[in-house]
Amino acid sequence: MAEVKVEHVWKFYREEAGAGQRVEAVKDATFHCNDQEFLCLLGPSGCGKTSTLRMIAGLEHISRGDIYINNRRVNNLLPKDRMLAMSFESYALYPPLSVYDNIAFPLRARKYPEQKIKEKIALVADLLEIGDILHFRPAKLSGGEQQRVSLARALVREDAQVTLMDEPISHLDAQLKAKLRIDLKRIQREWGLTVIYVTHDQLEALSMADKVVVMNLGEIQQVGTPDDLYEKPANLFVAGFIGEPPMNFLECVMVKELDRVYLQFHDFAFPLDPQISQAIERENQSNGKWVIGIRPGDIVLGVELKGAYSMKGTIYSVEPLGESSIVTVDVHGQRVLVEVAGTCAEEEGRVVSFFFRKEKTHIFNALTGKAIQ
Amino acid sequence: MVELELRKVTKKYGDVVAVKDLSFKTRKGEMLVLLGPPGAGKSSTLKMIAGIEEVTAGEIVMDGQVINHIDPAERDVAMAFETYALYPHLSVFENIAFPLRSPKRAHVFSEEVIKNKVVEVAQFLEIDMLLERKPKELSGGQRQRVSLARCLVREPKMFLLDEPIAHLDAKLRHRLRRDLKRWQRERQTTTVYTTTDYLEAFSVGDRIAILNRGILQQIGTWEEIYNQPADTFVGMIVSDPPMNYMNARIVHEGERLFLEAKGVLFRLSLPVQEKLRSMREEEVIVGVFPSKIALVEEPSVVSSGTVIDGVVKFVELRGSRKIAFVSTGRDFNFTVQLGVEENVRPGDQIRCLFGEEVLQVFDKQSRKNILFLS
Amino acid sequence: MENNKKISSTKLISTVGLIILMLWTAFPLYWVLNMSIQTPLDVISYPPKFVFDATLENYSVVLLGRAWLGKYETVQTDFPRYFLNSLIVCFGAVGLSMLVGVPAAYSLARYNFRGKENFAFTLLSFRFAPGLIVILPLFVIFRRIGIYGTYHGMMLAYQLITLPFAVWLMRGFFEDIPMELEHAARIDGYSWWGIFRKVDLPLVAPGIAATAILSFIFAWNEFLFGYILSSDVTRPVTPSLMGFISYEQVLWGQMAAAAIVTLLPSLVLAIFIQRYLVRGLTFGAVKG
């Protein structure tokens with residue numbers, strides 16, 4: 001049983017040169033990781049996700065705020081007393097020890113009997129497919145193998161209340177990544193582990209996490225399930241960061257005509273439903289500028305949808321991707337991506353209409369970036 | 001527009017064979033993509049074409065002339081390095097201008113022409129605001145674009161692009177995947193391009209050559225590769241999640257042939273039956289892309305193909321699509337790709353249709369595709 | 001709060017430790033400086049004097065090359081001349097080392113040839129060998145071929161000190177330049193010489209400067225070769241300090257003043273060199 005609470009946590013670094021200047025790596029982060037939950041800290045490099053993880057691990061001092069593990073404040077506990085296991089991006093294997101001894105290291109430190117150690121290592125090694133390299137030294141291994149050994153060392157600790165992982169599979173090639181995503185998720189669920197996992201790869205977060213904390217520039221942007229993030233992004237940053245191909249954004253101006261509110265992009269006007277137009281009118285600090293976001297997969301090409309928004313443009317390119325195609329449509333210089341299932345017979349230079357449903361449309365305040373829900 | 005040909009090219013580093021008996025021929029003005037996992041020999045091949053790695057055996061031929069022993073500076077090819085290889089003491093502008101100032105071209109371009117060319121390519125790659133900076137002041141993605149710019153600024157006989165957009169963020173990668181192709185097509189410059197990403201390969205390549213451990217597995221357009229994967233490796237690398245494979249046995253029932261795998265009897269189309277009839281072995285491997293398995297609602301009226309029931313073990317959300325991991329309970333598991341709107345949860349019973357036309361059959365020993373063996 | 005206290009107490013301990021270490025290393029230097037501004041009586045007084053009337057007499061004797069009149073003899077050291085000798089010999093020796101060493105280092109870094117590592121190690125081993133082993137044969141040879149006591153003879157002898165060092169250091173700098181930069185430049189249309197000039201040299205320039213300065217300091221501080229292989233006319237500054245030991249007495253004050261002046265070029269260069277001894281000459285060239 002373990003749950004982690006991060007309450008109003010800040011991390012400052014003093015800047016070397018500037019007198020008294022401080023860099024705020026993490027700003028007022030608050031989130032909870034429930035027992036047996038797989039939580040992802042997701043964001044681009046420098047967003048503060050690794051600092052947050054290192055504060056939970058006790059490897060960095062908490063500048064302000066509190067961290068609780070099982071309702072016990074751990075700010076002043078040493079890392080070894082927090083009952084954590086951690087796997088590092090930079091492997092951090094002990095070079096003079098064999099792979100077996102590396103994995104056994106945390107168990108021996110806790111005085112496990114050798115027989116038990118052997119059983120546990122066999123189990124993890126089988127899972128991560130490192131059974132035949134157990135007697136090698138780390139220097140002999142490829143990057144992918146080292147990464148898996150590092151993972152094994154974290155997973156072998158069943159006494160750990162929380163397992164922390166810092167980009168554990170980011171160095172691996174695509175095939176192995178895909179395999180480990182599934183394996184990690186399965187292990188976490190079968191063993192009932194509580195995992196806090198740091199990554200910059202939205203795909204890893206979407207595919208493994210129960211809950212995702214999206215960070216940017218030290219601030220939490222949104223906390224939610226993968227479905228939430230994909231379907232109801234809280235702001236422009238989350239909308240643009242989650243999903244591939246990325247969401248299309250159209251910068252629109254609000255127009256009011258006979259009590260009806262429209263968002264206008266060049267000569268296309270999108271009438272809004274009453275409750276949305278009310279919400280928009282309440283927020284008047286955006287100078288009437290709004291951004292419409294549509295996912296490439298939510299756009300239909302050529303076939304008219306009743307009651308959906310429609311636009312027209314010239315086909316700029318068609319990219320075949322095997323099971324699907326990406327069609328880029330040029331609308332007044334703005335490139336709109338459309339994801340089409342299967343092969344696309346459209347030709348470049350043709351003028352096409354495309355449609356998207358109102359309920360699949362995301363609307364954001366152009367100044368604050370906040371979504372209208 | 002040149003035509004490049006590799007004839008039985010081999011590259012060894014000591015005892016390690018990086019490229020083995022590689023032969024292919026580009027068409028004039030074509031974009032040929034070398035696709036393969038890290039260590040497949042893609043970079044070594046490019047470096048041999050560029051002339052900075054020696055060819056251990058075989059010939060590299062450009063427009064009918066063997067160029068094995070021609071100095072890189074004389075080959076007139078431009079290359080973007082996977083490791084960027086920027087000149088750290090020069091500004092971004094000077095890095096891009098560097099090839100234009102080489103002794104060969106020094107008197108061809110005036111300062112003004114150089115400036116125009118550099119600015120044009122910098123704008124194309126969205127680095128025009130960084131021209132005064134030094135490489136160390138750039139992020140990884142920006143460095144990669146400078147390296148690409150230094151290559152594109154020239155008008156060489158060939159472009160060699162080594163994973164040119166691998167380290168860019170998603171938005172830019174999508175844009176450049178599309179616009180690089182366009183840039184290349186407008187100039188009609190023969191290009192060899194490497195990547196580990198099959199989507200990128202399909203998107204930019206006129207043809208794709210798939211490499212594994214230094215050996216060419218298949219070469220063709222994306223449609224040829226996707227519809228007729230030459231072997232099990234190709235099926236694995238041009239799909240994510242990889243193609244589903246299962247061991248199967250040929251079963252004769254009167255005149256008709258079936259494939260039996262883990263107690264499931266797969267129905268086959270007539271041409272496939274014909275192909276298999278001449279087989280001497282009984283054991284084969286059946287392969288199906290996860291994207292080609294369909295969900296069916298009811299016990300229903302399926303006139304062709306094979307219906308398999310299973311339990312969803314696990315669902316992976318991937319943005320616009322979902323991957324379901326299905327178990328039939330008979331030690332027979334497979335993955336299915338679904339639209340994001342399909343509401344499938346772990347524990348659900350689902351019914352999947354394996355159409356006759358989506359089955360690929362591979363030889364068990366050679367792992368080659370029996371249906372398209374030439 | 002507890003954390004902050006802990007940090008400040010460890011900081012205090014380390015600061016005190018550093019101060020003790022600094023006093024330990026700096027005291028001899030301070031004492032020489034003291035001696036150089038004391039009168040002969042103050043120098044030899046016991047217990048040692050920390051407070052005294054400072055005098056610049058020693059410096060004026062040394063710098064102007066004035067004579068010191070003793071009871072039985074006159075000591076006159078032509079210090080400015082020796083100082084100039086040192087400059088000539090050291091600049092010559094370092095210049096020669098760079099001229100020969102840069103190409104040598106480049107080829108060791110970039111080309112594979114038979115016996116490369118043996119050659120490199122043999123070169124370095126000159127640096128391990130005590131000078132006394134080679135000094136006698138050198139002395140004899142120099143006499144034979146008539147370069148004993150000449151500037152160019154000494155420059156040649158000094159190569160034993162500067163060249164191995166320069167080659168080893170610069171080989172490292174050249175090896176730090178990724179091969180890919182040269183590959184890129186070759187594809188960009190440059191010849192070997194063009195690449196060396198446009199890519200390699202600008203990148204190792206700080207390294208060459210650092211190496212030259214360090215070699216200069218080593219050459220400047222050299223004692224044995226200068227002592228044995230020079231004539232009265234070409235004597236460098238280090239052995240010349242021996243001149244302050246006279247038959248009658250040791251001229252401590254003047255010797256200290258001369259030592260301080262001798263120290264100055266090294267000191268200035270050492271401060272200068274810090275700018276170049278920054279790591280990562282080629283940072284930003286390649287990924288990762």
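Any value given below was found using the heavy atoms of this structure, including those in side chains, with hydrogens, waters and symmetry copies removed. Every chain is numbered from 1, with letters handed out A, B, ... down the list of sequences.
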Response to the item:
Filtered by a 4.5 Å non-hydrogen cutoff, the part of residues 96-110 of chain C contacting chain B is none

Worksheet item: Sequence neighbours excluded, which residues qualify as salt bridge (charged side-chain N to carboxylate O under 4.0 Å, His left out) partners of B:Asp179?
Response: B:Arg175

Item to complete: Mind jotting down which residue pairs meet the side chain to side chain donor-acceptor pair (under 3.5 Å) criterion with at least one end in residues 57-72 of chain B? Sequence neighbours excluded, please.
Response: B:Arg7-B:Glu59

Response to the item:
Ranking B:Arg101, B:Glu53, B:Arg75 by heavy-atom pairs under 4.5 Å to chain C gives rank one to B:Arg101

Practice prompt. Kindly check if the number of other-residue, nucleotide or ligand heavy atoms within 6.0 Å of NZ (B:Lys20) is above 12?
Written response: no

Discussion item. If you compare all heavy atoms of B:Pro88 against all heavy atoms of C:Leu203, which two are closest, and at what distance to 0.1 Å?
Written reply: CG-CD2, 3.3 Å

Worksheet item: In residues 147-161 of chain B, which residues are in contact with chain C at a heavy-atom separation under 4.5 Å?
Response: B:Arg150, B:Arg154

Worksheet item: Considering only heavy atoms, which portion of B:Lys47 lies under 4.5 Å from any heavy atom of chain C: side chain, backbone, both, or neither?
Response: side chain

Worksheet item: Can you tell me if NZ on B:Lys12 sees more than 12 non-hydrogen neighbours from other groups inside 6.0 Å?
Response: no

Item to complete: Output yes when a side-chain donor or acceptor of B:Tyr87 lies under 3.5 Å from a complementary backbone atom of C:Lys198, and no otherwise.
Response: no

Discussion item. Please determine whether the number of non-hydrogen atoms from other residues, nucleotides or ligands lying under 6.0 Å from atom CZ of C:Phe91 exceeds 12.
Written reply: no

Response to the item:
Here the pair of heavy atoms bringing C:Tyr190 nearest to B:Phe98 is OH-O, 2.8 Å

Discussion item. Looking at every heavy atom in both B:Ser102 and C:Asp188, which two are closest together, and how far apart are they?
Written reply: CB-O, 3.3 Å

Practice prompt. Indicate the atoms forming the closest heavy-atom contact of B:Pro103 with C:Gly189, along with that distance.
Written response: CD-O, 3.6 Å

Fill in: Nearest-0.5 Å distance that lies between atom CD in C:Glu180 and atom CD1 in B:Ile52
7.5 Å

